[in-house]
Amino acid sequence: DDAYPATLSLLGLSLRDQGRVDEGIKYMRTSVKAMRQQQGAGHPLYASMVHNLAVLQRDAGELSQAEALSREATDISRRTMGEDHPEYGKHIGVLGSILMLQGRYAEAEPLLREALEIDLDTIGRRHVVYTIHLEYLGDLMRRTGELGLGDRVRWLGFRDDAPDLMAASDLIVLPTREEGFPNTLL
């Protein structure tokens with residue numbers, strides 16, 4: 001019965017709302033495990049539970065774990081529901097927020113914009129999820145401005161001409177504190 005993991009998930013989110021994020025994470029992990037056993041790791045309901053756990057871990061500051069979970073939920077929703085589904089939009093919006101909190105603005109920005117486009121096409125601008133995604137994008141732009149980069153940063157998104165861009169640059173920066181597989185030579 002899907003009611004058990006769903007109830008645990010709601011309890012985890014409620015604890016987060018009360019400021020008890022660590023307790024909420026414990027319930028959410030149990031929810032994810034139960035849903036995996038009931039529906040399997042490729043099911044959309046499992047993706048929703050994994051997404052909720054990613055949100056709680058993001059809120060607890062566990063950004064590496066939150067990113068991995070968010071990517072898992074996003075991949076499942078892409079495969080099972082498609083890239084034009086509001087659930088997929090919700091998942092990439094949260095992934096964008098996690099990347100933003102990690103300071104990975106260039107990766108976060110296109111995801112947040114895509115989430116907003118999906119929201120407009122599916123749920124509309126009056127829906128709370130649209131408002132949340134708009135807030136994330138605004139926060140990203142504010143952070144960039146506070147760093148004094150607002151007039152000097154261009155969000156280029158994915159490019160396949162990286163060697164040309166690197167050759168035209170005076171300086172290349174890899175702004176991560178940790179990178180499991182860096183693709184930039186400094």
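Sparse packing is recorded around CZ of R36, with 12 or fewer heavy atoms of other residues, nucleotides or ligands lying under 6.0 Å away. At most 12 heavy atoms of other shown residues, nucleotides or ligands fall within 6.0 angstrom of atom OH in Y27. More than 12 heavy atoms of other residues, nucleotides or ligands sit less than 6.0 Å from atom CD of Q38.
Under the 4.0 Å criterion applied to side-chain N and carboxylate O atoms, E117 and R113 are not assigned as salt-bridge partners. Taking the charged nitrogens against the carboxylate oxygens, D75 and R79 have no contact shorter than 4.0 Å, which rules out a salt bridge. In summary, D59 and R16 engage in a salt bridge, as defined by a charged side-chain N under 4.0 Å from a carboxylate O.
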Stepwise, does the salt bridge (Lys or Arg N to Asp or Glu O under 4.0 Å) test hold for E67 with R104? CA-CA 12 Å; E67 180 187 352; R104 295 162 60 187; 2.8 Å; yes
Assess whether side chain to side chain contact (heavy atoms under 4.5 Å, CB included) is satisfied between T80 and H43, documenting all intermediate values. CA-CA 7 Å; T80 60; H43 196 277; over 6 Å; no
Full working for side chain to side chain contact (heavy atoms under 4.5 Å, CB included) between H127 and D119: CA-CA 8 Å; H127 196 281; D119 293 344; over 6 Å; no
Report the C-alpha distance between D22 and L15 in whole Å, list the side-chain angles of each, state the deciding distance to 0.1 Å, and finish with yes or no for side chain to side chain contact (heavy atoms under 4.5 Å, CB included). CA-CA 8 Å; D22 290 336; L15 288 167; over 6 Å; no
Please evaluate residues T74 and V94 with respect to the criterion side chain to side chain contact (heavy atoms under 4.5 Å, CB included), reporting the C-alpha separation (whole Å), side-chain torsions for both, the decisive distance (0.1 Å), and the verdict. CA-CA 9 Å; T74 300; V94 166; over 6 Å; no
Could you please spell out the steps behind the salt bridge (Lys or Arg N to Asp or Glu O under 4.0 Å) verdict for E23 and K26? CA-CA 5 Å; E23 283 181 78; K26 291 175 187 174; over 6 Å; no
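Residues M141 and I92 fall into different hydrophobic clusters, defined by Ile, Leu, Val, Met, Phe, Trp and Tyr side chains chained together at heavy-atom separations under 4.5 Å. Under the 4.5 Å side-chain contact rule for hydrophobic residues, M49 and L95 do not share a cluster. Taking hydrophobic clusters as Ile, Leu, Val, Met, Phe, Trp and Tyr residues chained together by side-chain heavy-atom distances below 4.5 Å, L8 does not share a cluster with V55. Taken together through direct or relayed side-chain contacts under 4.5 Å among Ile, Leu, Val, Met, Phe, Trp and Tyr, V21 and L11 form parts of separate hydrophobic clusters. Clustering ILVMFWY residues whenever any of their side-chain heavy atoms sit less than 4.5 angstrom apart, transitively, puts L111 in a cluster other than the one holding I132.
Between the S14 side chain and the L10 main chain, a donor and an acceptor come within less than 3.5 Å of each other. H51 places no side-chain N or O within donor-acceptor distance of the main-chain N or O of A73, the cut-off being under 3.5 Å. The backbone N or O of A66 lies less than 3.5 Å from no partner atom in the side chain of S70, so there is not a single donor-acceptor pair.
Contact check for Y88 versus E114: side-chain heavy atoms found under the 4.5 Å cut-off. Annotation: side chain of L63 is not in contact with side chain of L99 (no heavy-atom distance under 4.5 Å). Annotation: side chain of T122 is not in contact with side chain of D84 (no heavy-atom distance under 4.5 Å). The closest side-chain heavy-atom distance from H85 to S77 is not below 4.5 Å. The closest side-chain heavy-atom distance from R29 to L53 is below 4.5 Å. The shortest side-chain heavy-atom distance between I98 and Q57 does not fall under the 4.5 Å cut-off. Side-chain contact between R126 and T131 is absent, with no heavy-atom pair separated by less than 4.5 Å. Between D139 and R143 there is a side-chain heavy-atom pair separated by less than 4.5 Å.
Of the inter-residue distances, the one linking S31 atom OG with L13 atom CG reads 8.5 Å to the nearest 0.5 angstrom. Taking CG of L101 as the reference point, atom OG of S97 lies at 6.0 Å (rounded to 0.5 Å). Rounded to the nearest 0.5 Å, atoms CD (E72) and NE2 (H91) are 11.0 Å apart. Atom CE of M35 is separated from atom NZ of K33 by 15.0 Å, given to the nearest 0.5 angstrom.
Screening L134, L116, I123 for a side-chain contact (heavy atoms from CB on, under 4.5 Å) involving V129 leaves a single residue, I123.
A donor-acceptor contact closer than 3.5 angstrom is absent between the side chains of E109 and Y136.
The nearest pair of heavy atoms linking G89 to A115 is O-CB, 3.4 Å. Nearest heavy-atom pair across Y130 and G124 is CB-O, 3.5 Å. L69 approaches A54 most closely through the heavy-atom pair CB-CB, 3.8 Å. Nearest heavy atom pair, residue S9 against residue M28, reads O-CE, 3.2 Å. Across all non-hydrogen atoms, the minimal contact from L56 to G24 is CD2-C, 3.2 Å. The shortest non-hydrogen separation linking A108 to G96 is CB-O, 3.2 Å.
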